Amino acid sequence: MSVLEIKDLHVSVETDQGTKQILRGVDLTINEGEIHAIMGPNGSGKSTLAYTIAGHPKYHVESGSILLDGAEVLKMTVDARARAGLFLAMQYPVEIPGVTVTNFLRTAKTAIEGEAPPIRTWIKDVRQAMTDLRMDKAFAERNVNEGFSGGEKKRNEILQLELLKPKFAVLDETDSGLDVDALKIVSEGVNRAKANTGLGLLLITHYTRILRYIHPDFVHVFVNGRIAEQGGPELADRLEDEGYDRFLVPSNVG
């Protein structure tokens, strides 16, 4: 069984005002097949955790480790992390002019697997995944995210999730900017990917509404760069009722 372990992770970033400490000792273990929701106010470090796992060069790991099945992720390049089975669905997916969705997906799949997928089965898989996500087939020949609405960009992220089949996926506020119908469709895609592959999920969100469709096994409250409280799904309900005020203390974390 695969496991993703984050141990005493401290991360900083350089700003105009100097070095800023963001993560202040994060410990978290995600087993294959588990869904962990991370909730917290703005500036608590949730997205920093996501991008540190993915390997964004902006973030400096001062100490701690991230292990994937015992292998040190922090020593891996970004592409090596993807090949090892890590996936990040971004809060703000970027446009890639000149690269079609079809070419992007096939190139990514080939890079991860080490060989190109059989063309006939691959085309069938892509078409089925797009149909399931209510994506018009014309999107396959459009440039990645170019001219896409916010909801279309998020569906394209989940299309990648379903087709690339990672061991662990980090969803960074995938619910932001989605209306109710799009949220349901995206959530169905995430649940389908988990059912088909047994992947582990780290779901970062401000709000509980996505948790009505993607049911977490564990909920972690992120405040001031560390986990302030953790529990089961009932903790999300409590946060919905009470908010984060009881966790907040003056801090310079952004």
Side-chain angles (χ1 to χ4, degrees), residues 1-6 9 28-38 46-59 66-69 71-94 96 99 101-114 117 122 125-126 129-130 132-133 135 144-145 148 152-176 178 185-205 210 213-214 216-217:
M1 176 178 286
S2 290
V3 59
L4 180 65
E5 300 171 276
I6 300 166
L9 190 65
L28 182 63
T29 299
I30 307 171
N31 292 300
E32 179 183 327
E34 293 178 348
I35 299 177
H36 291 247
I38 288 187
K46 303 184 303 297
S47 291
T48 295
L49 177 62
Y51 285 105
T52 301
I53 292 171
H56 196 298
K58 173 183 176 181
Y59 300 98
I66 302 174
L67 302 176
L68 176 57
D69 296 334
E72 180 55 76
V73 171
L74 298 176
K75 294 181 179 179
M76 299 179 188
T77 59
V78 173
D79 58 310
R81 297 179 196 207
R83 288 194 299 271
L86 295 177
F87 176 91
L88 172 65
M90 293 183 286
Q91 183 178 357
Y92 303 108
V94 298
I96 309 178
V99 179
V101 170
T102 295
N103 287 340
F104 175 81
L105 289 169
R106 185 167 169 81
T107 300
K109 186 70 171 180
T110 301
I112 289 171
E113 299 292 338
W122 176 248
D125 290 345
V126 171
M130 293 184 72
D132 290 340
L133 287 164
M135 295 177 72
V144 175
N145 292 325
F148 287 22
E152 289 165 347
K153 289 180 179 179
K154 296 299 177 73
R155 282 189 233 188
N156 193 39
E157 294 286 284
I158 305 308
L159 177 66
Q160 297 167 45
L161 173 66
E162 290 204 64
L163 292 168
L164 299 181
K165 303 185 189 312
K167 293 179 180 178
F168 292 94
V170 181
L171 308 184
D172 186 19
E173 298 192 32
T174 297
D175 53 335
S176 65
L178 297 182
I185 292 168
V186 163
S187 298
E188 288 170 1
V190 174
N191 288 330
R192 195 163 48 243
K194 179 178 178 293
N196 290 337
T197 65
L199 84 165
L201 283 167
L202 182 61
L203 179 62
I204 296 172
T205 184
I210 194 171
Y213 306 107
I214 303 173
D217 300 297

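Keep in mind it's a predicted model, so treat the numbers as computed, not measured. FYI, the numbering just counts along the sequence from 1.
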Next item on the list: Would you check, one step at a time, whether the test side chain to side chain contact (heavy atoms under 4.5 Å, CB included) holds for T29 with L4?
Entry: CA-CA 6 Å; T29 299; L4 180 65; over 6 Å; no
Next item on the list: Please report the C-alpha distance between K154 and S176 in whole Å, then the side-chain angles of each, then the deciding distance to 0.1 Å, and finally whether the side-chain hydrogen bond (donor to acceptor under 3.5 Å, both in side chains) criterion is met.
Entry: CA-CA 9 Å; K154 296 299 177 73; S176 65; 3.1 Å; yes
Margin query: E188 vs N191, test: side-chain hydrogen bond (donor to acceptor under 3.5 Å, both in side chains). Steps then yes/no.
Written below: CA-CA 5 Å; E188 288 170 1; N191 288 330; over 6 Å; no
Check: Does the side chain to side chain contact (heavy atoms under 4.5 Å, CB included) test come out yes or no for K153 and Y92, once each step is laid out?
Finding: CA-CA 8 Å; K153 289 180 179 179; Y92 303 108; over 6 Å; no
Note to self: Applying side chain to side chain contact (heavy atoms under 4.5 Å, CB included) to L49 and L202, what does each step give before you reach the verdict?
What the structure shows: CA-CA 10 Å; L49 177 62; L202 182 61; 4.3 Å; yes
Notebook entry, point to check: After noting the C-alpha distance and the side-chain angles of L159 and V101, does the key distance pass the side chain to side chain contact (heavy atoms under 4.5 Å, CB included) rule?
Noted result: CA-CA 10 Å; L159 177 66; V101 170; 4.2 Å; yes
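Looking only at side-chain heavy atoms (C-beta outward), H36 and L201 stay at 4.5 Å or farther from each other. Taking 4.5 Å as the limit, some side-chain heavy atom of V190 sits within range of a side-chain heavy atom of I158. Considering only heavy atoms from C-beta on, R192 comes within 4.5 Å of D132 through its side chain. Side-chain contact check for E5 versus I66: every heavy-atom pair is 4.5 Å or farther apart. Side-chain atoms of L199 and F168, non-hydrogen and from C-beta on, never get closer than 4.5 Å to each other. The shortest side-chain heavy-atom distance between T110 and P117 falls under the 4.5 Å cut-off. For the pair I53/I6, a side-chain contact is recorded, criterion being any heavy-atom separation below 4.5 Å from C-beta on. At a threshold of 4.5 Å between non-hydrogen side-chain atoms, the residues F104 and Q160 count as touching.
Using modelled atom types, no side-chain atom of N156 and backbone atom of E152 make a donor-acceptor pair closer than 3.5 Å. Side-chain N or O atoms of D175 include none that pairs as donor or acceptor with a backbone N or O of I210 at under 3.5 Å.
Rounding to the nearest 0.5 Å gives a distance of 8.5 Å between CG of L164 and CD of E113. Annotation: the span from L133 atom CG to E162 atom CD amounts to 5.0 Å, rounded to 0.5 Å. Interatomic distance, R155 CZ to L161 CG, rounded to the nearest 0.5 Å: 15.5 Å. Here the OG1 atom belonging to T174 is positioned 7.0 Å from the CG atom belonging to L203, to the nearest 0.5 angstrom. A distance of 5.5 Å separates CD1 in I38 from CG in L28, rounded to the nearest 0.5 Å.
Using bins of under 30°, 30° to 60° and over 60° for the plane-to-plane angle, the ring pair Y51/Y59 lands in the parallel bin.
Using modelled atom types, one finds no donor on one side chain facing an acceptor on the other under 3.5 Å when comparing K167 with T197.
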